[in-house]
Amino acid sequence: MRPFAFGVLVILSLNTGLRGDIVITGDFDPVNSDFWTNGGDSSTDGVLGSTSNAELTVSSGSLLNLLNGYFGDTDGVSGTATVTGSGSQIDFSANLELGNLGTGYLTITDYGLVTADYVDIGAENGSMGTATVQENGELSLSSDLYVGLAGNGSLLIQSGGNVDASNVYTGEKASATGSLTVTGLGSLLDVTACFEIGSEGSGYLTISDSGQAMAECGSIGTYASSDGYATIQSGGSFILSEDTFIGFEGSGTMLVESGGSVSAKNAYVATIDDSYGLLTVTGVGSSFSTTNDFNVGDYGNGTLVIEDGGYVETGGSVGIGVGPAAIGKATVTGAGSQWKVTSGLSVGDGGNGTLIIENGGYVETGGDANIGASSTGIGNATVSGAGSQWVASSDLNAGVDGYGSLTVSDSGDVQIGGYFGVGVNYRGDAVISSGGTVSSSIVVIGAADGITGNLRVTGVGSTITTSSDFIVGDYGSGNLTVEDGGVVNTGAESYIGNAAGGSGVVTVRGSGSWNGDQSLAIGNGGVGVLNVSDAGQVNMGRDINVGSDSTLNISVTNDGMVNAGLAGEEDWGDFVNSGVVNLIANSLLPAGNYEPITVGVDRFFTNNGEINAIGGAWNSSTNQFEVSAITTDGTGDLSGKRVSYFNDLVVSFADDVGVQTFEVAQLSVEFINGQEVLDAYSFDTTITSLTFLSMDIGEGYDANSISIWYLGDGESVWTLYDSELTEYQGNYFSFAVDSFSSYAVTVVPEPSTHALLFAAIVVLGTVVRRRR
């Protein structure tokens with residue numbers, strides 16, 4: 001604040017100076033009115049309002065020169081200035097404080113001009129300053145503009161008004177609040193350097209009705225204590241030639257709506273640790289664009305929402321959840337809402353990233369899209385709802401060097417121009433459900449040594465289609481589940497356990513199907529397991545081969561569950577077994593002869609390995625499974641029998657089990673690990689071959705919420721059991737075992753709450769056959 005003597009102020013308040021072009025009334029300093037009416041001088045300060053209010057008007061082309069200006073110099077006192085008319089001007093050779101300790105008002109209108117080195121609007125704590133620039137008026141600064149330096153400041157640029165400055169700060173200090181509005185066609189704020197909306201205090205920016213602001217760089221919520229808010233709407237535009245930060249160290253919010261537009265070179269939402277940033281682009285015609293990179297959750301907590309027809313385009317790479325502690329979330333929702341990423345996209349780059357495409361939203365990525373990109377990253381992406389689509393022109397990977405998951409549901413669609421990897425260099429999970437669709441060139445689940453990938457395709461209309469190969473377990477561990485009407489379509493070769501050291505498990509159940517144009521190799525150098533049950537189908541155009549270390553398990557429902565040679569090509573369509581084929585009869589299968597495996601016309605069924613029949617016998621001359629009737633006689637030779645116990649349990653025995661004793665006792669166990677027990681039995685037998693247990697648990701349970709538990713002889717703690725094959729048909733839940741003590745089947749109390757957890761358990765339950 002400028003030093004001033006109180007006694008002099010009282011005398012000055014009595015003076016009034018008048019001239020036709022410059023009018024001043026009230027309390028002013030210098031006290032000589034001729035100083036003002038004669039145009040002042042550039043070496044003297046000018047004060048409006050110290051002990052009482054003052055008003056100044058500069059018009060009709062007049063020029064007033066001052067060194068510094070103090071308008072509203074004292075608490076409770078106001079100073080008001082108006083500059084109006086072409087050629088009318090106030091020139092401050094230093095600075096203007098509009099609302100020094102009191103209240104200051106400045107209006108520049110009708111081609112009027114005010115120039116200064118810098119301007120403070122709302123200079124000191126408790127002060128208030130208001131500036132209005134309109135009707136082609138201009139405020140031109142050689143240095144900086146503060147809207148709310150320590151007090152409350154407001155700047156309105158409207159109706160073609162223009163303001164230019166080197167830097168602009170709104171809400172500079174922690175005590176300050178600054179509000180800046182640019183509205184109307186031709187209204188312009190031109191910042192040659194940087195723009196801070198909420199420096200340490202609270203800052204507000206509104207650009208509307210074709211108003212425009214331009215800056216080299218900008219930050220909203222600059223320092224840790226700050227709050228910044230920017231609204232660009234109704235044809236308003238904000239153009240930044242370099243970077244923009246929405247939440248730099250503090251809290252920043254940008255809303256682009258009703259046809260507003262923002263463009264920048266790079267943009268960062270939540271830049272520094274502990275910062276918060278929110279960018280919302282909403283409404284048809286509203287847009288946000290960068291020529292280079294864009295991060296949502298750079299190192300802080302950042303959110304992007306594109307909704308109701310909003311449009312975002314980024315010219316460079318995009319990261320969602322970039323730094324190790326970052327949280328980033330992007331949602332594209334509503335028909336016509338679009339996000340075009342010209343280069344690559346990382347969801348969970350080094351932090352926690354989430355991408356949601358829903359209700360008709362659309363995302364397009366030009367480079368590789370990686371979910372869980374680096375070692376500290378966790379990424380989750382969801383595409384759901386009719387019309388929702390993600391078009392990835394290059395590769396899309398879930399689990400690159402960090403954990404990644406992709407969910408496509410409720411008629412959502414993902415189109416991948418290149419490779420779809422699930423579990424590339426780290427664990428990856430993908431679920432396609434409720435009519436979701438995915439298409440790609442190649443699919444690889446479990447790509448690298450020691451890495452696990454899981455893909456589940458579930459529900460009628462849920463489909464994944466490739467134009468080339470489909471690999472489950474390349475050098476790592478891959479798991480594929482196709483169930484309840486889900487479909488996999490492979491355009492070329494199919495592999496389960498493709499390379500040395502790789503392992504793959506595929507389960508096709510519940511009217512789901514896997515359809516391949518060419519051949520299927522179960523164990524192509526690695527170890528493969530294919531489980532087919534509950535009317536599931538595997539249909540291949542050419543040969544099906546079971547490798548020497550691999551297994552095909554079929555819980556027989558009907559004929560033609562595994563079919564080779566459907567393409568009808570000459571010299572193709574053989575079924576060759578060099579490993580193990582297990583054919584299983586559950587409790588619901590009627591006795592009779594079945595042909596679950598078929599070959600092409602005039603092609604061959606070749607068995608160089610082992611074929612086991614559980615609950616019946618294998619007829620090698622007819623290639624049929626002869627299923628036994630269910631009996632209650634559990635004595636003598638149990639080979640190929642199906643025996644019922646207590647009318648609640650059916651046990652299907654292998655065809656070579658021989659004469660065995662098999663004693664069963666039903667257990668009274670209510671809960672295991674907090675889960676309700678549906679059925680439990682103890683067994684006393686020496687059988688160690690594959691056996692199928694079918695327990696009557698009742699109808700209506702979520703199959704993914706059912707768990708199997710094992711209690712060994714002499715043990716007191718039940719442990720989860722990973723069965724080679726499970727199915728849930730009618731009242732019966734069935735599973736394969738190869739050793740006996742006690743088994744129980746449980747369901748979680750609230751399936752909707754725990755479905756995801758136990759979906760993972762069920763998937764894992766098909767991966768490894770537990771041995772004791």
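If you read the sequence from its start, that first residue is 1, and numbering goes on from there.
- In this structure the side chain of T132 reaches within 4.5 angstrom of the side chain of Q158, judged on heavy atoms.
- With values rounded to the nearest 0.5 angstrom, L48 atom CG is found 10.0 Å from L106 atom CG.
- Screening residues 261-282 for ring-ring contact (aromatic ring centres under 6.0 Å, His included) gives F245-Y268 as the qualifying pairs, with residues at least two apart or on separate chains.
- Of the inter-residue distances, the one linking E124 atom CD with E97 atom CD reads 6.5 Å to the nearest 0.5 angstrom.
- Annotation: D274, atom CG; neighbour count of heavy atoms from other residues, nucleotides and ligands within 6.0 Å does not exceed 12.
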Which donor-acceptor pairs under 3.5 Å do the side chains of residues 186-214 make with protein atoms, sequence neighbours left out?
from : atom 1 : to   : atom 2 : distance (Å)
S187 : OG     : S159 : N      : 3.1
S187 : OG     : G160 : N      : 2.9
S187 : OG     : T183 : O      : 2.7
S187 : OG     : G184 : O      : 3.1
T192 : OG1    : A165 : O      : 3.4
E196 : OE1    : S199 : OG     : 2.7
S199 : OG     : E172 : OE1    : 3.1
S208 : OG     : T183 : OG1    : 2.9
D209 : OD2    : T183 : OG1    : 3.4
Q212 : NE2    : S237 : OG     : 3.3

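- Under the 3.5 Å distance criterion, the side-chain polar atoms of T103 are left unmatched by any main-chain donor or acceptor of G99.
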Derivation and outcome, side-chain contact (heavy atoms from CB on, under 4.5 Å), residues T354 and I320
CA-CA 7 Å; T354 301; I320 304 174; 5.7 Å; no
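- The number of heavy atoms from other shown groups lying within 6.0 Å of OH (Y223) does not exceed 12.
- In this structure a side-chain-to-backbone donor-acceptor pair under 3.5 Å is missing from S251 to G221.
- Within the 4.5 Å cutoff, side-chain heavy atoms of L396 are placed close to those of L406.
- Residues passing the side-chain contact (heavy atoms from CB on, under 4.5 Å) test with A116, sequence neighbours excluded: F92, V119, L141.
- Using a 4.5 Å heavy-atom cutoff, the side chains of T365 and V318 are not in contact.
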side-chain contact (heavy atoms from CB on, under 4.5 Å) evaluation trace for F288 with L304
CA-CA 11 Å; F288 183 97; L304 168 67; over 6 Å; no
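- Note on ring orientation: taking the six-membered ring where Trp is involved, the planes of Y169 and Y146 are parallel (angle under 30°, cut-offs 30° and 60°).
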